[in-house]
Amino acid sequence: MADLNGLCLCVMGGDRREVELVRVLAESGANVRSYGVPQAGLNGPLRACSLAANAEEACAGADAIILPLSGTDASGCVRISASPVCITRELLSVLRPGAALFSGTIVAWVRDACAAAGVRMVETGNDDELAILNSIPSAEGAIQMAMQATPFTIHGSNCLVLGLGRTGATLARMLRGIGANVWAAARKPKDRARATEMCLAPVSFSDLPACLPQMDIVFNTVPAVVLNRELIYVMRRTAVIIDLASAPGGTDFASAAERGIHAELAPGLPGKAAPLTAGRILSRVIPEIVEANLRRS
Ligand code: NAP
C-alpha cells in the first residue's frame, strides 16, 4: 500500500469509483477532502476524510487535486452534480506551493491554468497499468451496449475493432472469446502482426472501404475521426457503431444518423458497467501514482 502520510489530497468530482478511491487514500494515511464525490458512499467511518462545502475549501492548502479519469470538459469544468467546478488559475492558487493536479485527461485550458499557477500536471489516463486494467470493464461495457443495440447474437456476427491499443486489444480478444468473427484495424504493421497472432483478421485503414460493408458491429477506440461520412455510407444500414474513444469520438455521428445507422458514443464505461471493479482498479493504481509524484518532489 502507498504511504501517503502527511499529505492533504482533494478528490473532486466522480462517481462510485471515487468513493472507493477516497477510502483507500485515507487508509494510506492521507488527509482527504472531497468535493462532488457522491456523499452517500462517504458516510462510513472515514476518519481522515472530510466533505468540503465548496471547491475552494477543498483545495485550500492541499498538496494535490485528484480529478476523475474523464478529467474536465474542454472549458476546464469538472462535472459535479450540484454545479460544475471550473479549474481556474485562481482555484489552483489556493493549493500548497509545489502542488500537483492528477487528472485522466488534461485539456488545454487546464494546462494553461496549471502553468500559470505553477501546479504540476499528471495525466493519469496515460498510465499503462490503469489503462490496461480499465480496458476490461470498458470492453465488457461496450459488448453490453452492442448486445442491447442488436437483435442478433455477438456470436457469429462480423465485428470490426478500430485501433488495437490497450482498449482495442482487450475488446477484440473478448469478442473473439464469445464467438464473433473479428477484424482489427491498425495503422502500424506491428499491430496488424499482433492481430494475426491473436487470430483476428488484420486490416489497415485503407482497407476499410472494402471491409466495412460486411460488418455488423463496429467498435471504435481511435481518438480521431476514422469513421467519416464516406465510410459511413459504405456500411449496412443495419450496422451498429459503438464509439469508445474520448469525446467527441471518432465517428461522424451526423452522417450515421442521416443514414439511419445506430451509432452511440460510449463514455465512462468502467463506471457504468462495473463501478465496483472500476473503483478497485482506481484504488489500486492512483495512490501509487500520487505517492510516486508527490514523494519524489
Ligand atoms: P491507446 O492504447 O493509445 O490506443 C489508441 C489506438 O488508436 C492505438 O492503436 C493508436 O494507434 C490508434 N490511433 C490513434 N490515433 C490514430 C489515428 N489518427 N489513426 C489511426 N489510429 C490511431 O488508447 P486506449 O487506452 O486504448 O484508449 C483509446 C480511446 O478510448 C481513448 O480515447 C480513451 O480515452 C478511450 N477510452 C474510453 C473508455 C470508455 O469508457 N469509453 C475507456 C477506456 C478508454 P498508434 O499506436 O498507431 O498511434
Side-chain angles (χ1 to χ4, degrees), residues 10-15 17-18 21 34-38 54-56 58-59 62 64-95 99-127 130-131 134-135 138 141-142 145 162-163 165-168 219-229 232 241-258 263-272 278 282 286 289 293:
C10 162
V11 178
M12 200 181 299
D15 50 34
R17 290 175 283 178
E18 276 69 23
L21 175 62
S34 73
Y35 181 66
V37 178
N54 53 51
E56 289 71 23
C59 292
I65 301 179
I66 302 175
L67 299 184
L69 274 180
S70 54
T72 66
D73 64 16
S75 55
C77 291
V78 191
R79 241 177 300 132
I80 286 178
S81 51
S83 58
V85 169
C86 204
I87 305 298
T88 59
R89 177 185 180 168
E90 291 68 38
L91 179 64
L92 294 169
S93 67
V94 306
L95 293 167
L101 176 120
F102 298 85
S103 178
T105 57
I106 302 182
V107 298
W109 165 275
V110 175
R111 257 178 215 292
D112 291 347
C114 285
V119 169
R120 282 177 301 136
M121 291 163 267
V122 181
E123 205 155 1
T124 48
N126 286 339
D127 185 87
L130 188 55
N134 248 337
S135 73
S138 302
M145 285 180 71
L162 298 167
R166 297 166 298 194
T167 308
F219 296 90
N220 176 50
T221 71
V222 175
V225 178
V226 279
L227 282 177
N228 58 26
R229 182 178 181 79
I232 295 278
I241 300 170
I242 306 292
D243 196 331
L244 288 80
S246 48
T251 305
D252 178 344
F253 286 98
S255 295
E258 196 179 277
E264 285 185 75
L265 190 62
L269 286 170
K272 289 176 187 158
L282 275 192
I286 296 288
I289 296 177
N293 282 279

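Start at 1 with the first residue, then count along the sequence.
Closest of all the heavy-atom pairs between P38 and G14 is CD-O, 3.7 Å. Across all non-hydrogen atoms, the minimal contact from I106 to L101 is CD1-CD2, 4.1 Å. Of all heavy-atom pairs spanning C59 and M12, the tightest one is SG-CE, 3.6 Å. The two residues A58 and Y35 come nearest to each other via the heavy atoms CB-CB, 3.9 Å. Minimum heavy-atom separation, L265 to M145: O-CE, 4.5 Å. Minimum heavy-atom separation, A263 to A256: CB-CB, 3.8 Å.
Here D127 contributes atom CG and I289 contributes atom CD1; the two are 4.0 Å apart, rounded to the nearest 0.5 Å. In this structure, the separation between CD1 on I65 and CG on L95 is 4.5 Å, given to the nearest 0.5 Å. Between the CG atom of N220 and the CG atom of L244 there is a distance of 7.5 Å, given to the nearest 0.5 Å.
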Mind running side-chain contact (heavy atoms from CB on, under 4.5 Å) on T251 and I232 for me, showing each step along the way?
CA-CA 8 Å; T251 305; I232 295 278; 4.0 Å; yes
Run the side-chain contact (heavy atoms from CB on, under 4.5 Å) check on L92 and C114 step by step: do they pass?
CA-CA 7 Å; L92 294 169; C114 285; 3.8 Å; yes
Report the C-alpha separation of V37 and L21 in whole Å, then their side-chain angles, then the decisive distance to 0.1 Å, and conclude whether the side-chain contact (heavy atoms from CB on, under 4.5 Å) test is met.
CA-CA 10 Å; V37 178; L21 175 62; over 6 Å; no
Given side-chain contact (heavy atoms from CB on, under 4.5 Å), test L130 with L69 step by step and report yes or no.
CA-CA 10 Å; L130 188 55; L69 274 180; 3.7 Å; yes
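Proximity of a side-chain donor or acceptor of R120 to a complementary backbone N or O of N293 within less than 3.5 Å is detected. In terms of modelled atom types and a separation under 3.5 Å, the side chain of W109 and the main chain of I87 share a donor-acceptor contact. With D243 contributing its side chain and G249 its backbone, the two residues share no donor-acceptor pair below 3.5 Å. Checking side-chain atoms of T124 against main-chain N and O of S103 turns up a donor-acceptor pair under 3.5 Å.
Residues D73 and R79 form no side-chain contact, since every pair of their non-hydrogen atoms from C-beta on lies 4.5 Å or further apart.
Under the salt bridge (Lys or Arg N to Asp or Glu O under 4.0 Å) criterion, D252 pairs with no residue, sequence neighbours left out.
For residues 106-116, the set of pairs meeting the salt bridge (charged side-chain N to carboxylate O under 4.0 Å, His left out) definition, not counting sequence neighbours, comprises R111-E123.
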